[in-house]
Undergrad: 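Handing you a structure now.
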Amino acid sequence: MEIQLTYLAKIKKAMNKAGAKIEVMEGCDILTLLHQYLCSSNNLLKDIIFKDNAVKSSILIYLNDVQGGDLHMTLKHKDEILIRTPIAGG
């Protein structure tokens, strides 16, 4: 099934692009998407998103424009995921 990903801030820089459409297996949840489809071959991204194999509390994940939620939520065809780190400035 197809999932639309959008990356912002440090995630965008680590991925070297603003987003992508990817194919994932039926039954894939958000945590599996992060581990197997995004971070498995990108150690920089893995270091940004995970600490001790858990998603850092500073990582903001939106599913279809809704922030937060259960990382074990099963994705559906055409779901949209936005992943970002906080933006701060002075």
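What you see is a predicted model, and the numbers here were worked out from it, not measured in a lab.
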Undergrad: With no hydrogens and no angle check, is any side-chain donor or acceptor of D47 less than 3.5 Å from a backbone partner on L44?
TA: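 A pair under 3.5 Å: no.
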Undergrad: State plainly whether one hydrophobic cluster holds both M25 and L75, where clusters connect Ile, Leu, Val, Met, Phe, Trp and Tyr through side-chain heavy atoms under 4.5 angstrom apart.
TA: yes
Undergrad: Linking I/L/V/M/F/W/Y whenever any side-chain heavy atoms sit under 4.5 Å apart, do L82 and I61 land together?
TA: no
Undergrad: Would you say N42's side chain and M15's backbone share a donor-acceptor pair under 3.5 angstrom?
TA: no
Undergrad: I would like to know whether I59 and L34 meet side chain to side chain contact (heavy atoms under 4.5 Å, CB included); could you show each step before the answer?
TA: CA-CA 12 Å; I59 299 300; L34 294 173; over 6 Å; no
Undergrad: Give a yes or no on whether I30 and Y62 share a hydrophobic cluster (residues Ile, Leu, Val, Met, Phe, Trp, Tyr; joining criterion: side-chain heavy atoms under 4.5 Å apart).
TA: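 Different clusters.
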Undergrad: Report the distance from atom NZ of K12 to atom OG1 of T85, rounding to the nearest 0.5 Å.
TA: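 If I round to the nearest 0.5 Å, the distance is 11.5 Å.
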Undergrad: Looking only at heavy atoms, which two atoms of H77 and E2 are closest? And how far apart?
TA: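 Nearest heavy atoms, H77 then E2: ND1-N, 3.1 Å.
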Undergrad: Shortest non-hydrogen contact from Y7 to A20?
TA: OH-CB, 4.1 Å
Undergrad: What's the spacing between L63 CG and I83 CD1 if we round to 0.5 Å?
TA: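 Atom-to-atom, L63:CG and I83:CD1 are 11.0 Å apart.
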Undergrad: Closest approach of P86 and S58, non-hydrogen atoms and distance?
TA: CD-O, 3.1 Å
Undergrad: Over all heavy atoms of both residues, which pair between C28 and Y37 is shortest? Give the atoms and the distance, please.
TA: SG-CE1, 3.8 Å
Undergrad: Hey, is the main chain of L31 close enough, under 3.5 Å, to the side chain of D29 for a donor-acceptor pair?
TA: yes
Undergrad: Show your reasoning for whether side chain to side chain contact (heavy atoms under 4.5 Å, CB included) applies to I11 and L38.
TA: CA-CA 10 Å; I11 306 297; L38 298 181; over 6 Å; no
Undergrad: Between L5 and L33, is any pair of side-chain heavy atoms under 4.5 Å apart?
TA: yes
Undergrad: Does atom CG of D65 have more than 12 heavy-atom neighbours, drawn from other residues, nucleotides or ligands, at distances under 6.0 Å?
TA: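 Atom CG in D65 is not packed in, count stays at 12 or less.
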Undergrad: Tell me, yes or no, whether the heavy-atom count around K56 atom NZ, taken from other residues, nucleotides or ligands under 6.0 Å, exceeds 12.
TA: yes
Undergrad: Hey, mind stepping through L8 and L60 against side chain to side chain contact (heavy atoms under 4.5 Å, CB included) and telling me if it holds?
TA: CA-CA 10 Å; L8 297 175; L60 304 172; over 6 Å; no
Undergrad: Of all the heavy-atom pairs spanning M1 and E26, show the shortest one and how long it is.
TA: CB-OE2, 3.6 Å
Undergrad: Going from CD on E80 to NZ on K21, what distance comes out if it is rounded to the nearest 0.5 angstrom?
TA: 9.0 Å
